[in-house]
Amino acid sequence: MLTDMDPRSLIGRKAFDRNGSKLGTVDEVYLDDATGTPEWAAIRTGLFSRDAFVPLEPSEFKEGALRVPFERSLIKDAPDFGVGRHLSPEQELQLYHHYGIDVSAPMESPPPDRDFGRIAGSDEPDSPA
């Protein structure tokens, strides 16, 4: 499973689409706010183009490269949020929807709501209402 690896080992690696076409190079890896696991990779798609966000799950790291199970055209059309900034929960949902990934699927022990962090100005975790 890709989310079990050190995210720093992905940076600078080549990325390929489902057909084996080169997408570019992994520029950054984004971690989930609640769990700290690697969730998204930003792929630099060309010399003067932007970075495209791809989900690390269900992608695979094989033979020293990131293999993304989506078409190149879908990846290039992903929402552009810029790199080097935090992805908000709303932006993540837009990306999941873009890739057709169902985030509402029941988990083994579903929490009442996904915890994206702490309440602003508080040291206490956000508690369910």
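Below, all heavy atoms of this structure are taken into account, side chains as well, without hydrogens, waters or symmetry copies. Counting begins at 1 with the first residue of the sequence.
With contacts defined as side-chain heavy-atom distances shorter than 4.5 Å, the pair D33/H86 qualifies. Side-chain contact between V29 and L56: present, with at least one pair of heavy atoms (C-beta onward) separated by less than 4.5 Å.
The two residues I75 and A52 come nearest to each other via the heavy atoms O-CB, 3.5 Å. D80 and D51 get closest at one heavy-atom pair: OD1-O, 4.3 Å.
Put simply, the side chain of T45 gets close to the backbone of R50: a donor and an acceptor are under 3.5 Å apart.
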Please tabulate, for the side chains in residues 63-72, all donor-acceptor contacts under 3.5 angstrom to protein atoms that are two or more places apart in sequence or on a different chain.
from	atom 1	to	atom 2	distance (Å)
E71	OE1	N19	ND2	3.1
R72	NH1	K22	O	2.2

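Take F16 and apply the ring pair (Phe, Tyr, Trp, His ring centres under 6.0 Å) test, not counting sequence neighbours, and it matches no residue. In this structure, the side-chain hydrogen bond (donor to acceptor under 3.5 Å, both in side chains) partners of D27, at least two apart in sequence or on a different chain, are R44. For the side-chain contact (heavy atoms from CB on, under 4.5 Å) test, residues two or more places apart in sequence or in another chain that qualify with H98 are L74, D77, A78, P79.
For K14, the NZ atom is loosely surrounded, since the number of other residues' heavy atoms within 6.0 Å does not exceed 12.
Atom CG of residue L31 and atom CD of residue E39 lie 9.0 Å apart, to the nearest 0.5 angstrom. Taking OG1 of T25 as the start and CD1 of I43 as the end, the distance is 9.0 Å to the nearest 0.5 Å.
Among residues at least two apart or in separate chains, ring pair (Phe, Tyr, Trp, His ring centres under 6.0 Å) pairs with a member in residues 18-40 are Y30-F53, W40-Y96.
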